[in-house]
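Have a look at the structure below before the remarks.
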Amino acid sequence: MLDVELIRKDPEKVKDGIAKKNVDTSVVDEFLSLDKSWRELVKSTDEKRALLNKFSKERNIEEAKKVKEQIKSEEARLPELEAQRLKTLRSIPNLPLPEVAVGKDARENKTLREVGEKPKFDFPAQDYVELSEKLDLIDTARAAKVSGSRFGYLKHEAPLLEFALIQLALNLLTSEKEIGKLIKANKLNIPAKAFIPVIPPVLIKPEAMQAMGYMERGGDEIYQIEKDQLYLVGTSEQSMGPMHMNENFQKDSLPHRHIGFSTCFRREAGSYGKDTKGILRVHQFDKLEMFVTCAPETSQDEHKLLLAIEEKLMQMLELPYRVLDICSGDLGDPAAAKYDIEVWLPGQNEGSGQYRETHSASNTTDYQARRLNVKIRPDNIYVHMLNGTCFAIGRILIAIIENYQMKDGTVKVPKALQQYLNFKEIKR
RNA sequence: GGUGGGGUGGCUGAGUGGUCUAAAGCGCCGCUCUCGAAAAGCGGUGGGCCCGAAAGGGCCUCGUGAGUUCGAAUCUCACCCCCACCGCCA
């Protein structure tokens, strides 16, 4: 949600911003018109209510009754007008930061850097689907029998790798020293504070889901438990964001850095026929997600920290990746800036390889905070909120399997994970 | 799932239809006193919205929403949450 004052005072700035996101600028005028009618009605009923209070105090019951009737009829229009105004306001996306490159869509995202060496095989690289079938790491066929399409059983070393990945990530993120090192290396002006590990609820109330803005767009993506009026989270961001809903933070207690682990549930409603094989796109997967609440002036540095952490972990796993600076047209509604990481998957594309998204880090500035009503005391301004993928486990497993495959169909374990495992290669 | 109790400002807590414009205490801020601090005294201390250049004015807000009434923290209904006990349970 944007600041209403900004839209009123500088509608052209808002239009410019959302135009960069390819959003029809007429919503701004639509909002201003609704806002005007709403304000007039509120003013009028407030004045009448003042009169009612006056008569009531004087025990002038006759006059009070008359005014009350007037208010009643006038107010009848209010709920609908209010709802429309709010709906329109909420449909206006966050404005891109000035630093964000203007571009139409994903094709205009800028590659900031490619890091790591793509593996060179003296044999045809295999797809992780074939490899994991032979090694019995992923069983989607039986999962289909039990749960339907887009589910999988992770078996043998796969779950162990998952737990090792979690250990690796949590050891890094919960270490004040390690976070401090990354901050220093990137010349960021933010405190060296560790991430607080969180296992959040995965079932959340409609209010919480709504407050995060996932209901109007992407509502089809969400699993709903109708009988109990609860929703399954598609990412722990949806559960960690509302954690501090309607709260105030002392300025010196910020930033709050959280690292949440949860299973994520997605209906994948709009993706029929897309990535249907394997576990690249499934209804259920586990994910470590970073969520930061901070003072406004620090959010851009916090954003860089999230990216630095993501890259550090990829480097520790020695997985080749590239970093994309997402252009204005490819930003989601709440994002003011976003970096993606794509991992190199040598087995895709008939063995000639392909980059696929594994991480995404967004700065939503005060857009989510305003809606969640999370403020800084005593300044009484909204916090900034950021979120970033730490590990989407399934996709990292895919990346390991494809990048560490051997000629004989076995898979090596990345060095960084070996300390958490009692095997160094996966074979059957 | 059942029974009972409860949700009041940053915190504790009073308040059962009209000076509630919410007592009191704690905390916080300012001032006086002091070389400084503490103590004491005095004053001020939530948020949202509307009008206004500002000063200021108005409306809303006692868990949430509806209702009764000229008037609701207070009465009615629904919902949410917390606590206690019983049942069930990893």
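Reminder, nothing fancy here: chain letters follow the sequence lines and each chain counts from 1.
As rounded to whole Å, 7 Å separates atom P of B:C60 from atom CG of A:Asp46. The nearest whole Å value for the distance from the CZ atom in A:Arg49 to the P atom in B:G48 is 20 Å. Whole-Å rounding puts the A:Glu207 CD to B:C81 C1' distance at 11 Å. Rounded to whole angstrom, the span from the CD1 atom of A:Ile71 across to the C1' atom of B:G71 amounts to 12 Å. Taking atom CD on A:Glu5 and atom P on B:G48, their separation rounds to 12 Å, with Å as the unit. Separating the CZ atom of A:Arg59 from the P atom of B:C70 is a distance of 13 Å, rounded to the nearest angstrom. One interatomic measurement links the two molecules: NZ of A:Lys65 to C1' of B:G71, which rounds to 12 Å at whole-angstrom precision. Distance A:Gln229 CD to B:A78 P: 18 Å, rounded to the nearest Å.
Aromatic ring centroids of A:His283 and A:Phe265 lie 6.0 Å or more apart. No close placement of the A:His258 and A:Phe195 rings is indicated, their centers lying 6.0 Å or farther apart.
A:Asn53 comes within 4.0 angstrom of the backbone, heavy atoms only, and of no base.
Under a 4.0 Å N-O distance rule, the pair A:Lys304/A:Glu99 does not qualify as a salt bridge.
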